[in-house]
2 protein chains.
Amino acid sequence: MNQKQLQSEQTRKRIADAARALFTQKGYKATSIEDIVSATGSSKGNIYYHFKSKEGLFLYLVEEWDQEWTQNWKNNVHHYRTTAEKLYGMAELLAADDLNHPLTKAADEFFRQEEKTSEAESRLAELMGEHLAFNEKLLQEGIDSGELGPHDAKRLAYVLESLFFGVSQLARGFNRDQVPILYRDAVAVFLTGVTSQKQKQLPL
Amino acid sequence: MNQKQLQSEQTRKRIADAARALFTQKGYKATSIEDIVSATGSSKGNIYYHFKSKEGLFLYLVEEWDQEWTQNWKNNVHHYRTTAEKLYGMAELLAADDLNHPLTKAADEFFRQEEKTSEAESRLAELMGEHLAFNEKLLQEGIDSGELGPHDAKRLAYVLESLFFGVSQLARGFNRDQVPILYRDAVAVFLTGVTSQKQKQLPL
DNA sequence: GTTCATACTGAACGTTCGTTCAGTATTGTA
DNA sequence: TACAATACTGAACGAACGTTCAGTATGAAC
């Protein structure tokens with residue numbers, strides 16, 4: 001790779017990283033291109049050289065989040081045996097990222113505003129669906145193995161998603177060391193709520 | 001009361017109601033004064049005659065939400081005996097209001113944007129604190145009576161708040177009849193998670 | 001019927017926003 | 001060194017925003 005190509009890629013990354021932090025902090029609408037200019041030192045035009053539009057930049061970030069999260073999970077999943085361990089693992093990973101939940105947060109705001117490309121709309125819906133399917137699969141495995149009670153995995157997936165989403169929102173106002181505690185509390189309550197009667201020895 | 005005063009009050013209410021629906025649907029920033037003008041038929045100037053500013057209007061709505069919720073709760077609380085019933089009751093009330101959670105939703109977005117009066121900021125923080133205190137008190141009663149296990153009520157209050165907040169967000173994309181199901185599922189999981197071992201007969 | 005406070009209008013304002021583009025700098029290529 | 005492609009700049013744009021205000025309509029008070 002060229003020096004030029006390398007530098008270009010670094011610039012692209014610098015913009016993406018700054019935008020990611022800003023979107024997470026301030027939300028989609030409240031983050032302006034000017035904010036990103038200030039945070040990066042790049043010019044306005046340069047941002048539009050690297051990304052098609054504000055929406056395109058956001059969509060790129062969401063895809064990136066999704067991939068990072070998937071990768072991160074794959075790297076760690078072999079540490080966990082039971083569903084309980086997996087859920088606590090998820091909580092830990094989510095708490096560690098200060099950007100928290102990869103999809104549902106800024107995406108939610110973006111989702112409900114009217115003006116957006118139908119391409120962006122459908123892609124986001126797709127990712128959201130995949131994410132819920134991931135939750136459902138994890139829970140279904142726990143149910144099948146008898147670790148969790150005979151619940152409806154699809155409905156539980158919504159509850160779990162709600163819980164994690166809510167925690168990630170509430171955690172924004174917390175001190176850094178309180179965040180993992182809230183995540184763990186949440187998972188503990190959830191797990192006790194769904195674990196089968198036969199095996200009620202929870203970790204922690 | 002005069003005919004004029006009455007009509008003025010009706011106009012004020014018409015503006016407030018429309019604004020409430022719009023803020024809930026689209027969020028704070030994405031709702032423009034022009035949107036409210038379109039929804040009410042009132043003029044821009046008239047909105048500023050009745051309310052100090054967009055922020056003032058929003059703050060008024062939050063106070064109104066808070067009062068309505070408190071009143072609604074007081075009207076219904078005598079139907080519920082146990083903590084479990086109270087939580088299911090809360091879920092039902094929240095699900096019934098399509099505006100859902102009175103404080104945490106649009107307020108969260110409003111909260112994290114920088115430009116806002118310090119008056120608005122502190123008032124919002126105050127209301128949020130009261131709301132968490134309400135959760136905590138309810139849970140503490142359950143713990144004291146032995147219905148719930150010996151948990152930390154303050155920490156549980158955060159978990160419950162997260163759960164309800166998450167559910168209210170996720171529920172936005174749902175069909176009307178699915179919403180109460182999600183709320184009930186959430187409370188069921190939460191309750192099973194926190195109920196003491198001695199009395200594991202849950203309602204539902 | 002005249003007076004007056006109240007209720008309301010809508011054009012205009014100053015900002016801020018996302019986006020564009022003509023032009024410049026920098027680097028790879030021949 | 002000359003040329004071309006890529007990377008970047010920043011002024012300028014039109015649209016949208018929250019807010020203001022001089023002016024008008026309306027019902028209450030006398």
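This is a predicted model, so every value here is computed, not measured. Chain A is the first sequence line, chain B the second, and so forth, proteins listed ahead of strands; every chain is numbered from 1.
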CD of B:E9 versus P of C:dA7: gap in Å, rounded?
10 Å
Quick one: is C:dT9 close enough that its OP1 or OP2 comes under 4.0 Å of any side-chain N or O from B:N46?
yes
The residue, B:S53 or A:G41, whose nearest nucleotide of DNA chain D is more 5′ is A:G41
Is it the case that A:D35 and A:S32 place a side-chain donor and acceptor less than 3.5 Å from each other?
yes
Output the rounded distance in Å from CD (A:Q3) to P (D:dT6).
16 Å
Taken to the nearest whole Å, CD/B:E55 to C1'/D:dC17 is 16 Å
Closer than 4.0 Å, any side-chain N/O of B:T11 to the OP1 or OP2 of C:dC8?
yes
Check the phosphate of C:dT6 against B:K4, side-chain N and O only, distance under 4.0 Å to OP1 or OP2. Yes or no?
no
Name the nucleic acid region contacted by B:T31, choosing base, sugar-phosphate or nothing; use a 4.0 angstrom heavy-atom cut-off, strictly under.
sugar-phosphate
Euclidean distance, atom CD of residue B:Q7 to atom C1' of C:dC8 [Å, nearest integer]:
11 Å
With respect to the side chain of B:Y48, which nucleotide from D:dG18, D:dC8, C:dT19 is positioned closest?
D:dG18
Mind calculating the distance between CD (A:E34) and P (C:dT19) to the nearest angstrom?
14 Å
Options D:dA7, C:dT19, C:dG28, nucleotide nearest the side-chain atoms of A:N2:
C:dG28
Given atom CZ of B:F110 and atom P of D:dG18, what is their separation to the nearest angstrom?
13 Å
Counting N and O atoms only, with roles assigned by atom type, does the side chain of A:E85 sit under 3.5 Å from a partner on the main chain of A:R81, one being a donor and the other an acceptor?
yes
Given side chains that start at C-beta, do those of B:F190 and A:L163 come closer than 4.5 Å, heavy atoms only?
no
A:K44 NZ - D:dA11 P separation (whole Å):
11 Å
Aromatic centroids of B:Y158 and A:F174 separated by under 6.0 Å
yes
Rounded to whole Å, the OH-P distance (B:Y49 to D:dG18) equals 22 Å
Distance to the ring centre below 6.0 angstrom and angle to the axis at most 45 degrees; does that hold for B:R12 and B:Y60?
yes
Please determine whether a side-chain nitrogen or oxygen atom of A:S43 lies at a distance below 4.0 Å from atom OP1 or OP2 of D:dG10.
no
